[in-house]
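One structure below.
Chain naming here is simple, since letters A, B, ... match the order of the sequence lines and numbering starts at 1 in each.
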Amino acid sequence: MTSLVDIADVSLSYGGADGTLAVRGLNLQVNQGEMVAVVGPSGCGKSSLMKLVTGLLRPTAGSVSVAGKAVDGPLKIVGMAFQNASLLPWRTTMGNLMLPLEIVEPYRSRFSRDKAEFEAEARKLLTTVGLGEFERRFPWQLSGGMQQRASLCRALIHKPSLLMLDEPFAALDAFTREELWDVLQAIWMERSFTTILVTHDLREAVYLADTVHVMSARPGRVIASHKVNLPRPRTLETSFLPEFGALVQELRELIRIQRGGPAEMEHAA
Amino acid sequence: MTRFKYQGAILPTITLTAALIVWEVGCTIFDVPQFVLPRPTSIVHELLENFGPIWTHAQHTLLTTIGGFALAVVFGVFLGVAVGSSRVVYQAIYPLLIGFNSVPKVALVPVMVVWFGIGTVPAVLIAFLLSFFPVAVNVATGLATLEPELEDVLRSLGASHKDIILKVGLPRSMPYFFASLKVAITLAFVGSVIAETLASNIGIGALVEQASANFRMPLVFAGLVMVAVMGILMYAIFAAIERRMTGWATRSTDFGIGG
């Protein structure tokens, strides 16, 4: 397997060279088609990781490369979804899904010509996540879970090869969250895009990921990586297996140590 | 809902009627002279008696106001987009804007008169100067409060600054924009009437000025009532447009579906 994302010895500081270090000496490889989860104590620079990989922020030191090329600007092969669904309230679900296609090439230049085709594609995607009947609804007519499904579709509509998820299910209730794990797993198994899932939820990480990376307290770096060798598709039954519980327990212990350990902010010399 | 709707129409009518009755009775009891404070009935009488000339002046004021207001909307949107979408422009001109907005516009009337003579032009310009500010500030606010996540999503797709403004910035600043129109139209009335009072022979401002010089207080008040009525009407029109255009911003989540 080749790695799609390669983060080598990356440091990132905010506010100039002697500002606060968000990450230091970060190393992370993500293989093509792999789903990885990144967990860690709060403030460990998980969001910085997202921005580094998507090219929204440049590393202060080290290198980030995606698909063999050094990242030197916003990447167009990425889809993103956040804790906040951030749908546009004046557009219908369908309208929201069309947004990326109105912006990203090669769809952009074909947009007015092939709109019907794109809409059919979007309809298929919406049906996959159970929103088939809701394409004409506005975001305020959808529940939180449905908005998050729509947000996930928006992140995937332009067929990105890399999906970045920043705590996408954190604001949902436990039942909806578990439902959406299955939704995500199903689309991922069908389309096999590479996924980086940043989360606080260790069960979520183990449920969804092939590999779980644990980050240290700020300045963040990867201190442990665990392969999750549970068969797919994983179901709620999987999450009651002893291996599952043991892994979650082990991760929890790692993070507890990180939280208890030296947590003071370090500054670059 | 219906109860609320009726209240919306009945309550202001009751307050207005009560105020007029107190005014009328007060003037009669204390025998207030007409040239100090005319009674509502004599104002209405004056208004009906001289409706022709008052209406001519009112039309002029209305056109002047709409002219200044239209300029203010175009310029305000332009300025708002510039200030709201560019950090540099914001830092460069925001202090100037604040300073300019603190200058009482009535003090600019003589300047306008020197430049353009008396009449319609200074009135249109004063209406414009008074009313572009809320439009600009509201449009800028709408653009500047864009959610950072949304901006990240768009930028990661390779959206240009222009794309972000057109696709997201402007649509989401529409509620702010339409809200500002209600404020701007009333300010435009203030501006045009002030300018007409000081430097015009036509318009409600001029009418009021001349009538008060002749101690015709009922006519002065008739003019003021006319401005108030026009102001309320224009406000109502823009409030209705606002509701129609940006319903999505005021909808509650009552319609939400479970699951």
**Q.** CG-CG distance between B:L150 and A:N84, expressed to the nearest 0.5 angstrom
**A.** 9.0 Å
Q. Top residue by heavy-atom pair count (under 4.5 Å) with chain B, among A:R154, A:R108, A:M164, A:M50?
A. A:R108
**Q.** Contacting region of B:E147 [heavy-atom separation from chain A under 4.5 Å]
**A.** neither
Q | Best-contacting candidate, B:D152, B:L154, B:V153, against chain A by heavy atom pairs under 4.5 angstrom | A | B:D152
Q.
With a 6.0 Å cut-off (strictly less than), is the heavy-atom count around CZ of B:F100, excluding the residue itself, greater than 12?
A. yes
Q | Under 4.5 Å from any heavy atom of chain B - which part of A:L99 | A | side chain
Q) What is the minimum heavy-atom distance between B:V168 and A:L88, and which atoms define it? A) CG1-CD2, 3.9 Å
Q: Please indicate whether A:E117 has more than 12 foreign heavy atoms, meaning atoms of other residues, nucleotides or ligands, lying under 6.0 Å from its CD.
A: yes
Q. How about A:F111: does its CZ atom have over 12 heavy atoms from other parts shown lying under 6.0 Å from it?
A. yes
Q: Taking all heavy atoms of B:S156 and all of A:V78, pick out the closest pair and write down the distance.
A: OG-O, 4.5 Å
**Q.** Working for side chain to side chain contact (heavy atoms under 4.5 Å, CB included), residues B:R155 and A:M80
**A.** CA-CA 11 Å; B:R155 278 182 53 210; A:M80 292 169 105; over 6 Å; no
Q. Can you name the nearest heavy-atom pair linking B:K167 to A:W90, along with the distance?
A. O-CZ2, 3.6 Å
